[in-house]
There are 2 protein chains.
Amino acid sequence: MSRNKRDELIRNALGIFYRNGFHATGMDLVAKESGVSKTSIYKHFRTKDELILAVLRLRDEDFRNWLFRRMEELAATPQGQLLAMFDALEEWFMADGFQGCMFIKASAEFQNADDAINRQSYAHKELLVDHFARLAGAAGHDAPRALARQLLILKEGAIVIAAMSHDPAPAQEARAIAERLLLGGADISV
Amino acid sequence: MSRNKRDELIRNALGIFYRNGFHATGMDLVAKESGVSKTSIYKHFRTKDELILAVLRLRDEDFRNWLFRRMEELAATPQGQLLAMFDALEEWFMADGFQGCMFIKASAEFQNADDAINRQSYAHKELLVDHFARLAGAAGHDAPRALARQLLILKEGAIVIAAMSHDPAPAQEARAIAERLLLGGADISV
DNA sequence: GCAAACATTAACAGATCGGTACATCTTCGC
DNA sequence: GCGAAGATGTACCGATCTGTTAATGTTTGC
């Protein structure tokens, strides 16, 4: 299997797991939908869990690349980018096939704190916080990390409710809260 | 099977599904851990899905009863109760066996919008919004329902991050945001 | 005490689970 | 053209999945 076919397999598996869930999706279906045999999959991934980890690595890259780029496209300043995140989320919520956050779902299906899938899922969230904190610092906020963690809470809450309600409205509802955090209060320094 | 035994079965199943996940838990395990035979379970529930629905009904009652009572115990005013919700959540996050929100997980494992489990999971969130909106109205806020929806976003975001990070800190981080919504802004009417 | 009604159980279907053994096919050096 | 090496597909493994069948206990009315 070439590098390309391997990447394509991971990308196919991503789509199936995202649509169907992890435990609910069998490796036979992954093989069939990917157009490769199960044996070939197991040549490259020792277990289903390892395939899932590869899927999550791809998703982490894809999602952060998309979100951060979109934030930059929508706003010029760091402060504006943090707010624009919620507009980007709204686009995602309205897109065909939106089914919530893959990492939340992976963490929910693999709850054990020792599980590599559980740890890797949260690592994605930490990378998001890092980026938010960088932007918050650049915008001149004191305690940028605390602000970043609050923005993460807003983002995850909006994703969960949008997915459960099948309605993109939570994006703007969360944005309104973020505006008060970023623009409104007495305790921002710039 | 008596009414009591049936209720106890549902309560047992709740614990197992909450700890293990829905798809990852087989009916044989539910039967074994509940001390009843699988046949007896299927006498009362036609399918696994029906058992899950019964579990979610119980969880909805239990959780709302607990949360609303705790909010009342912790604060006297409607406004205070809305803030105290996050203190109650913090207690939950620190409790043994906390594993996130059962309805978020159910919704994640049964994603189809037509699925009764999916719909019932979101119905729980709507009942929470109703209660928040009642309190926000009693506190004199205009647009109480919009505020209630924002509080829901904060609550769900805090739960998701607390569960993923195995850390109760998001409760107070979300509370700080709620304080700005409830107390800080120019656009509250009382 | 006895029969009807109900609850419970072990054993079993048929399908599918994650994962593998082995035979076949392709590819490549030379 | 041909042999070695790796990729692929088929068919299978034991375990487990949801759900059922048929036999056994247990309660209850009278």
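All values derive from a computational prediction rather than experimental measurement. Each chain gets a letter, A, B and so on, in the order its sequence line appears, and its residues count up from 1.
Comparing dT20(D), dT8(C), dT8(D) by their closest approach to the side chain of Lys38(B) singles out dT20(D). For Tyr42(A), the side-chain atoms get nearest to dT20(C) when compared with the rest of dT20(C), dT8(D), dT18(D). The side chain of Lys48(A) has dG18(C) as its nearest neighbour among dG9(D), dG18(C), dG19(D).
A salt bridge does not link Arg175(B) with Glu90(B): every distance from a Lys NZ or Arg NE/NH1/NH2 to an Asp or Glu carboxylate oxygen is 4.0 Å or more. With salt bridges taken as basic N to acidic carboxylate O contacts below 4.0 Å, one links Arg70(A) and Glu73(A). One finds no salt bridge joining Asp114(B) and Arg119(B) here, because no Lys/Arg side-chain nitrogen approaches an Asp/Glu carboxylate oxygen to under 4.0 Å. The pair Asp60(B)-Arg64(B) meets the salt-bridge criterion, since a charged nitrogen lies less than 4.0 angstrom from a carboxylate oxygen. Salt bridge Glu126(B)/Arg149(B): absent, no basic N to carboxylate O contact under 4.0 Å.
Residues of residues 25-34 of chain B that place a heavy atom closer than 4.0 Å to DNA chain D, in numerical order, are Thr25(B), Gly26(B), Met27(B), Asp28(B).
A sub-4.0 Å separation between OP1 or OP2 of dT9(C) and a side-chain N or O of Ser37(B) is present. For Thr39(A) and dG9(D), the shortest distance from a side-chain N or O to OP1 or OP2 is not below 4.0 Å.
If you take CG of Leu9(A) and C1' of dT8(D), they are 14 Å apart, rounded to a whole angstrom. The distance from atom CD1 of Ile52(B) to atom P of dC17(D) is 13 Å, rounded to the nearest whole Å. Put simply, CZ on Phe22(B) is 13 Å from P on dT18(D), counting in whole angstrom units.
Map Gly35(B) and Asp49(A) each onto its nearest nucleotide of DNA chain C; the residue landing nearer the 5' end is Gly35(B).
For Arg180(B) against Leu181(A), the heavy-atom pair with the smallest separation is CD-CD2, 3.8 Å.
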